[in-house]
Amino acid sequence: MTPFLCETCGTQFAPSAQAPEACPICLDERQYVGWRGQRWLTPEALATRFGPRIERDAGLLGVGMSPSFAIDQRALVLPTSGPRILWECTSLATPETIEQVTAEGPIDLIAISHPHFYTAMAAWSEALGGVPILLHAADRRWVMRGSARIRFWDGEGLELAPGVRLIRLGGHFEGSTGLHWHDEARPEGALFPGDALQVVSDRRHLTFMYSYPNYIPMHPDAVLALERAIAGCAFADVYGYTWGRNIIGEGRQAADRSFERYLRAVGAQAA
Ligand SMILES: [Zn+2]
Ligand SMILES: [Zn+2]
């Protein structure tokens, strides 16, 4: 029995004797099936072809893969005043990767923004000693490899510790989640929005898409709901989904500017 991984989105599936028929994540209109057709990798083949990429990204320990793989997200280790959090996840959970990620301290929990980054979360949790994986319950059906470590949370927010909070953002996925970190360890505040808000190439604005690879914009009502969801959050920095894609300094102003710009562009606000 092998927990196969989808080559295009990096999602790991429940162990099976033969590769799954299809990948529901890639068949969904927010993703796409690879141009060479649906392809699968075993964890062993993945570990042969890829290694960990562990380096600092705007001051935080980043966790990715080298060469880049699938959606090419980079996870982050957040050393809050409370738990040490692995934010997001990758497809590679080899002993070499785990050793580097925990070199500065053990991880207490994994929190993931949305199904595109669920990847090998079950393997990661086990490799980290069985730490909990926090996912929003609204996206439960997108879990392809279940785990007793998964803790589904419901509603609009979940406080992990004073100043460390998960916020349901929606828009990209119904349960799309952001993390707001604003405690003594991060006094200026930082926002980790997954793909619900996306740091764009100028690194001074955010945009809002239902699908990024297929360019389907987010409905203005969802963007307004998202704006309300983070209205009370103070943050200087916004960490985007991959390496270097961050707004460092004046992130709150960048977000406010971006909501206004987007809503004007789609005709949902007076010019
Ligand atoms: Zn896939
Ligand atoms: Zn996504």
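- At a threshold of 4.5 Å between non-hydrogen side-chain atoms, the residues Arg84 and Val77 count as touching.
- Applying the salt bridge (Lys or Arg N to Asp or Glu O under 4.0 Å) test to Glu174 and every residue at least two apart in sequence or in another chain returns nothing.
- Met218 is not connected to Ile71 by any chain of hydrophobic side-chain contacts under 4.5 Å among Ile, Leu, Val, Met, Phe, Trp and Tyr, and they are in different clusters.
- Every residue meeting the salt bridge (Lys or Arg N to Asp or Glu O under 4.0 Å) condition with Asp237, not counting sequence neighbours, appears here in chain and number order: Arg186.
- Checked for salt-bridge contact, Arg74 and Glu55 miss the test: no charged N lies under 4.0 Å from a carboxylate O.
- A salt bridge links Arg149 with Glu126: the closest approach of a Lys/Arg side-chain nitrogen to an acidic carboxylate oxygen falls below 4.0 angstrom.
- Membership of the apolar cluster around Ile85 extends to Leu60, Leu76, Leu78, Trp87, Leu109, Leu134, Trp153, Leu158, Leu160, Val164, Leu166, Leu179, Trp181, Phe192, Tyr239, Ile248, as traced through chained side-chain contacts below 4.5 Å between ILVMFWY residues.
- With sequence neighbours left out, Arg141 forms a salt bridge (Lys or Arg N to Asp or Glu O under 4.0 Å) with no residue at all.
- Aromatic ring centroids of Tyr212 and His172 lie under 6.0 Å apart.
- Listed by chain and residue number, nothing satisfies the salt bridge (Lys or Arg N to Asp or Glu O under 4.0 Å) test with Glu159 (two or more places apart in sequence, or in another chain).
- Its side chain within the 4.5 Å cluster rule, Leu5 clusters with Leu41, Leu46, Phe50, Met65, Phe69, Leu92 among the Ile, Leu, Val, Met, Phe, Trp and Tyr residues.
- Looking at Gln12 and Ser91, their side chains never bring a donor and an acceptor atom within 3.5 Å of each other.
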